[in-house]
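Written out below as structure tokens is the structure these notes cover.
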Amino acid sequence: MERLQKVIANFGYTSRRKAEELILAGKVKVNGEVVKELGTKVDSSDTIEVEGHVLENKEKVYFLLNKPRGVITSVTDDKDRKTVVDLINTDKRIYPVGRLDYDTTGALLLTNDGELANLLMHPKNEIDKVYVAKVKGLIGKKELTTLANGVIIDGIKTSKGKARILKYDKKSDTSIVELTIHEGKNHQVKNMFKAIGYDVLKLKRERIAFLDVKGLNSGEYTILNPKEVKKLYNEVKK
């Protein structure tokens with residue numbers, strides 16, 4: 001038996017955190033009865049209903065999107081702005097794995113596989129997220145070492161990663177920096193550079209684990225094949 005919120009997430013209905021909110025709000029039923037206890041455990045024989053929808057096992061789908069600038073990383077938006085889900089042609093209920101800021105571009109996974117999504121997002125599994133940032137000024141070795149060793153954001157130190165400078169443009173006084181991290185906190189990359197005194201002018205996520213967006217134009221996506229999905233599961237279960 002497993003916790004109710006985890007089962008809901010594994011069905012691909014929503015994230016585990018959102019599932020907890022729905023349970024507390026009385027929007028989840030198990031075998032016809034409203035359940036508001038987060039510790040409730042269920043098994044495969046139980047009928048789970050969320051917001052009036054009975055959860056059923058469905059075909060799992062996996063998309064890798066090259067997210068464009070100016071698109072919301074969400075399923076819906078109350079301001080009626082375009083979301084990443086709007087860019088994917090599918091009849092499945094999918095959602096993004098993690099998030100990218102409105103003005104950040106690059107690699108983003110979308111799926112209805114809640115188990116894989118949770119495994120990919122959990123910092124303990126140390127899945128590489130590789131970003132390329134354009135920042136104002138010349139970044140020295142000391143600052144790169146600080147980034148790699150972790151910086152303090154809101155009183156919490158970020159986990160260790162990797163950082164290297166790819167290019168410095170003397171004319172525009174800008175540096176191109178590659179940063180590899182394993183976390184995915186809100187505005188994390190921008191805040192990490194801000195912590196060492198640099199403003200991010202442009203940001204792209206180049207890669208998630210072994211998946212990159214080479215060959216994909218902005219707004220285009222590809223469907224992961226079974227071999228790639230299996231490799232992702234192997235990555236998170238090392």
Side-chain angles (χ1 to χ4, degrees), residues 1-68 71-102 107-123 125 127 184-186 208-209 211 219-226 228-230 232-233 236-237:
M1 298 182 75
E2 291 187 298
R3 291 179 180 270
L4 180 57
Q5 58 265 38
K6 180 180 180 181
V7 173
I8 293 171
N10 287 349
F11 267 103
Y13 187 87
T14 189
S15 68
R16 193 178 304 185
R17 182 177 297 177
K18 181 63 177 177
E20 291 176 349
E21 294 175 3
L22 293 172
I23 293 169
L24 293 173
K27 295 182 179 181
V28 177
K29 293 181 179 180
V30 177
N31 300 325
E33 299 290 331
V34 174
V35 174
K36 292 186 178 182
E37 295 292 331
L38 295 181
T40 301
K41 292 190 175 183
V42 295
D43 60 32
S44 58
S45 66
D46 291 315
T47 299
I48 302 169
E49 187 178 327
V50 183
E51 298 180 303
H53 301 280
V54 176
L55 302 187
E56 299 175 333
N57 284 313
K58 296 181 179 179
E59 176 191 3
K60 300 290 195 304
V61 291
Y62 310 84
F63 302 92
L64 176 65
L65 170 71
N66 186 356
K67 178 193 171 296
V71 177
I72 302 296
T73 304
S74 179
V75 175
T76 59
D77 181 63
D78 55 10
K79 297 180 181 177
D80 203 29
R81 294 170 293 184
K82 182 173 286 189
T83 73
V84 290
V85 173
D86 294 330
L87 302 177
I88 308 294
N89 183 20
T90 180
D91 59 356
K92 302 291 190 298
R93 185 188 176 99
I94 61 172
Y95 57 90
V97 180
R99 69 184 307 277
L100 291 177
D101 291 341
Y102 184 76
L108 181 71
L109 280 167
L110 298 99
T111 185
N112 59 355
D113 185 343
E115 180 185 7
L116 181 60
N118 287 322
L119 288 169
L120 287 170
M121 288 187 290
H122 204 297
N125 293 320
I127 299 302
K185 297 174 183 176
N186 200 26
I208 303 169
L211 297 169
E220 290 184 342
Y221 63 88
T222 185
I223 301 173
L224 301 192
N225 59 46
E228 290 171 320
V229 174
K230 183 178 180 181
L232 271 181
Y233 266 105
V236 297
K237 292 183 177 181

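Throughout, residue positions are numbered sequentially from 1 according to the sequence presented. Just so it is clear, the values below take in all heavy atoms, side chains as well, and ignore hydrogens, waters and symmetry mates. None of the values given here were measured: they were computed from a predicted structure.
- In the displayed structure, N186 atom CG is contacted under 6.0 Å by more than 12 heavy atoms of other residues, nucleotides or ligands.
- Smallest separation of non-hydrogen atoms from P96 and V75: CD-CG2, 4.1 Å.
- The number of heavy-atom neighbours closer than 6.0 Å to CG of D80, taken from other residues, nucleotides and ligands shown, is 12 or below.
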Extract all donor-acceptor atom pairs below 3.5 Å that involve side chains of residues 23-41 and protein atoms in other chains or at least two apart in sequence.
from: N31; atom 1: OD1; to: T47; atom 2: N; distance (Å): 2.8
from: N31; atom 1: ND2; to: D46; atom 2: OD1; distance (Å): 2.9
from: T40; atom 1: OG1; to: E37; atom 2: O; distance (Å): 2.9

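- Side-chain contact between L22 and Y13: present, with at least one pair of heavy atoms (C-beta onward) separated by less than 4.5 Å.
- Between the D43 side chain and the S45 main chain, a donor and an acceptor come within less than 3.5 Å of each other.
- Listed by chain and number, the residues in a ring-ring contact (aromatic ring centres under 6.0 Å, His included) with Y95 amount to none (sequence neighbours excluded).
- In this structure, K18 pairs ionically with E21, as a charged nitrogen and a carboxylate oxygen lie closer than 4.0 Å.
- Looking at every heavy atom in both residues, T14 comes nearest to A19 through CG2-N, 3.7 Å.
- Ring geometry, F63 versus Y221: the interplanar angle exceeds 60°, so the pair is classed perpendicular (tilted spans 30 to 60°).
- In terms of modelled atom types and a separation under 3.5 Å, the side chain of T83 and the main chain of T76 share no donor-acceptor contact.
- In this structure the side chain of V85 never reaches within 4.5 angstrom of the side chain of S74, judged on heavy atoms.
- With rounding to the nearest 0.5 angstrom, the CE atom of M1 is 13.5 Å from the NZ atom of K6.
- When side chains are defined from C-beta on, E2 counts as touching N10, because their heavy atoms get closer than 4.5 Å.
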Identify each donor-acceptor pair in which a side-chain atom of residues 109-121 lies under 3.5 Å from a protein atom, sequence neighbours left out, and give them as a table.
from: T111; atom 1: OG1; to: V61; atom 2: O; distance (Å): 2.6
from: T111; atom 1: OG1; to: D113; atom 2: N; distance (Å): 3.0
from: N112; atom 1: OD1; to: V61; atom 2: N; distance (Å): 2.9
from: N112; atom 1: ND2; to: E59; atom 2: O; distance (Å): 2.9
from: D113; atom 1: OD1; to: E115; atom 2: N; distance (Å): 3.2
from: D113; atom 1: OD1; to: L116; atom 2: N; distance (Å): 3.2
from: D113; atom 1: OD1; to: Y233; atom 2: OH; distance (Å): 3.2
from: D113; atom 1: OD2; to: Y62; atom 2: OH; distance (Å): 2.6
from: D113; atom 1: OD2; to: Y233; atom 2: OH; distance (Å): 2.8
from: N118; atom 1: ND2; to: G114; atom 2: O; distance (Å): 3.1

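- Between L65 and G219, the shortest heavy-atom contact is CD1-O, 3.7 Å.
- For the atom pair CG (D86) and CD1 (I88), the distance works out to 9.5 Å, reported to the nearest 0.5 Å.
- Heavy atoms only, all atoms of each residue included: R81 and I72 are closest at CZ-CD1, 3.6 Å.
- Counting heavy atoms from C-beta on, the side chains of L224 and L211 come closer than 4.5 Å.
- Of all heavy-atom pairs spanning G98 and L108, the tightest one is O-CD1, 4.4 Å.
- Using modelled atom types, no side-chain atom of K82 and backbone atom of L87 make a donor-acceptor pair closer than 3.5 Å.
- In this structure, the separation between CG on L100 and OG1 on T73 is 5.0 Å, given to the nearest 0.5 Å.
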